[in-house]
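I have placed the structure first, in the form of structure tokens, so that the comments after it can refer back to it.
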Amino acid sequence: MSTQQFDLARESLQAPDPRQVTHIRLAGYQSWVRLRSQINLYYFWEKRWFFIAMLAGFLFLQMPTPAGLSHEGHIVLAMSLMATIMFVTEPIPLPTVAFLIVVGQVVLLGLSSNVVAKSLMTDSVLFIMGSLMLAVAIVKQKLDKRIAWLIVRITGTKTVWIAFGISVASGVLASFVGEHTVAAMMLPVGITLITLTSDDPKKVRNLAAVLLFSISYGCSIASIGTPSGGARNAIMVGYWKEFFFDPANADTSKFLIDYAKWMMYAYPMFLIQLPFVTLILLTAFKPEYRDLSRACTRLRTQILLEGPLKPADWMAIVIFVAVLYGWIFLSAELGMGIIAILGAIGFLVAGLVRWDDINSGVNWGVVWLYAAAISLGVQMKNTGAAGWIAENFVAMLEPIGADSGIGLWAAVSALTTAVTNTMSNGAAVAVLGPIVLNLAEVAGENPIIIGFITAVSSAFAYLTVVGTPACTIVYASGYLKTTDFLKVGWRMAVMSTLVLLLVATFYWPFL
Amino acid sequence: MGLFSRTKLSDRSEQAAQKTLANIRARRRSRFRVLACIDGTDASYDTVRFAARLTPQENSAIVVFYVRPIDKGAQSEGLNVRVARQNLLEAGGQLPGLQALKKSLEILKEEGLDVDTWDRDTDHQDAWGDPVGDNKVFFKSKTGRTVVLKLKTAPDVASGILDQYHYGPYNLIILNEPSRWRGNFKSIFDAGIVQKVTTMAPCSVLVAREESLVNEGFLIYNDGTPRGMQAIRRSAVLAHETHQPITLFAVAETDEERKEVQESNKKAKELLTSLGIHDVKVKSAVGDPIIQIIKAGAKSQIIVVPDEGHSRLKRVITQSTAYGVIKGAVTSVMDVR
């Protein structure tokens, strides 16, 4: 072998100057890459769905207005078509779709900007905004380890029971404060138990899956339990009131679904699903450790080091309980939104959370998104567009005998599950709500049952990481693979659909 | 009216600024810099082992690189995922990738880099509005050799790696074996991470395959072009410095062309001999270049192929030998630019 010495940096593989990378100089593929980085032709490919949505809307508007549909309804349908394409494909940030809906109502429908602006802020939107602020405030209280210890004290140290306990605790909390809040709060609990068991992720691969999915699916099944469980519930409550309630007609007051009434319908469904979650998880993933005594001992030590609950912790618990009381007993008079806002005010006045934390933790764009989607939903109803789609949908289902009863329920549930797996579940309910409620009227079904089927089915997005907020959050831990969601998600979807149809058949008609 | 008069930077100051910039660039380019990309899978640590073995000189730098996608907010129905992330970190949890970077450091130690005795520094930068942002730990030996562990935040992994090039530049990017490699036409619309980085990186790329580390030698493909001759020279220097046997390999598509490729091999060998690289084997075969290279290089540690630099349209029509070999080989492949 020769003893010749080379300077690798100079004489071996070359490192072109980054400045030259943006220079159109060499022939071949790299020059194409450089050219592309200069004029960004890729932009058109990345945003293709935006242009496709615009083109689809334009072409739809050029078609003659279908029989039975008003001109305004035609425009609203075109806007809904464009919004749906963009909700699913997200070529632009979702709040931008909301802004386009607002602009479209003024420019295309010819509504006054004041009317459109007023339609954006309803009690449902106020409720969503207040719940999100409350969510950040609650996460900041750092009560996670104490909740974990409370679970262990009740369930004991066996893995099976701890997983069930986590599902119950996550579920009960999530049914009141939203799945995203509880998932964010409980994630450290799950991670603490996993890392205290073993530092090597490979040794606790299945245990991690069971505990983390217990959090996310516990939260997901519970998010249907109360109106504050998810924005979609509040959206449906808003639609019932907007579409069916007439102050002059006392019979329509049944469409004013308050907090307690919602719970009577949906809470039992959450409770029935709870044991099945643990069962499904334990069959899909066999935990490596049957007992978590070691982790529990270390958790106890950490709790002891933290000392007893501080006055600020007690204050946070008092405000939280007060908000729950307000939602259950006072929401009919004050509105759920005002109570949520009051709760957020309580946390801010007591100094338990900083405005900066709320401001950075809440995704305000999503509030805009729901506000605009609800506003468009109301226009779908007002212009008759929703009714027209409903009539056609029922006519389509008639030949297969699914135009009423359980067949229609299953069709609505399947439609919602399919849509919610492709877009945010709140957006799915906002888009589908006006259609399915009109569908109920056309088919002679109870709009409350059809509305509940839609709102509940929108929680069945178990198959993907981005399907539900809780799934996104537990995936952020880095312990789960995307394929894990598929592996267990389909079982969850089947179980939830069966429970929904049973509850809708044997329980809801008697309420 | 002095307030509104325009004052220019003096020529001297401008020259000083340009000189400083040139010095920084020259300093960066005087080091042999390797970017080893990991994704936390067992197979991906081979990139770290390759990085350690391909940087024998004291002026080299290894950057072990893990890209963490941005925590997106829209999917969380209004609560930004960063709230959950912050909560997790405050509870003592770790960012995804941190464990993988720690393991990489252990692998570098196994490969003989005693980083524990080196100077150590850390750096943090906010990125993409994510407070966790980009983080790196920097190790520097007394002789000037450096190892950097970098956890980067980016919208997607491929763009994170390509973006990192601009902080280099790098002589070599090492990636793990691709899970999928689309056809030339399909890749325009839907390329995987490795394919995207390989086609778009400005520097050479090594696609590392599991277990090729136990093999020996560089099989360097000679396509007979001036560009190919440059690639032979540069990769042979690397093989020589890392004490790997070199085999020059040329493929004739028909028997009539065999003599021609043997002549080309002879020229390449002479070139290497003139550089002082003597122990060079020469081989040739007849047939389809992609199939023959894959077959001949199956037992080599690395197959070296020169990047043709064809236009995208030409690649769609004709096919690239380099990409064909990367896709089909059972051992590691270096695409030299």
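Below, chain A is the first sequence line, B the second, and so on; all start at residue 1. Bear in mind the structure is a predicted one, so any value in this text is a computation, not a measurement.
With a threshold of 4.5 angstrom between heavy atoms, A:S131 does not approach chain B through any atom at all. For A:D7, the parts lying near chain B are the backbone and the side chain together; criterion is any non-hydrogen pair under 4.5 Å. The contact between B:Q99 and chain A is made entirely by side chain atoms (from C-beta outward), counting heavy-atom distances below 4.5 Å.
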**OP:** Evaluate the salt bridge (Lys or Arg N to Asp or Glu O under 4.0 Å) criterion for residues A:K202 and B:D42: first the C-alpha distance (whole Å), next the side-chain angles of each, then the deciding distance (0.1 Å), finally the verdict.
**Re:** CA-CA 11 Å; A:K202 277 184 200 156; B:D42 280 349; 2.9 Å; yes
**OP:** Determine, stepwise, if the pair A:I147 / A:M185 fulfils side-chain contact (heavy atoms from CB on, under 4.5 Å).
**Re:** CA-CA 10 Å; A:I147 295 169; A:M185 207 162 81; 3.6 Å; yes
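Between B:E241 and A:R10 there is no salt bridge, since none of the side-chain N atoms of the basic residue sits less than 4.0 Å from a carboxylate O of the acidic one.
For the pair A:A470 and A:C219, the tightest heavy-atom approach, listed with the atom from each and the gap, is CB-CB, 3.9 Å. Closest non-hydrogen pair, A:N233 versus A:S223, comes out as ND2-O, 2.8 Å.
Of the listed residues (B:R31, B:M334, B:R234, B:R33), the one with the most heavy-atom contacts under 4.5 Å to chain A is B:R234. In terms of heavy-atom pairs under 4.5 angstrom with chain A, the leader among B:V237, B:N59, B:V336 is B:V237. Interface summary for chain B: among A:P93, A:P95, A:S360, A:G365, the most heavy-atom pairs under 4.5 angstrom belong to A:S360.
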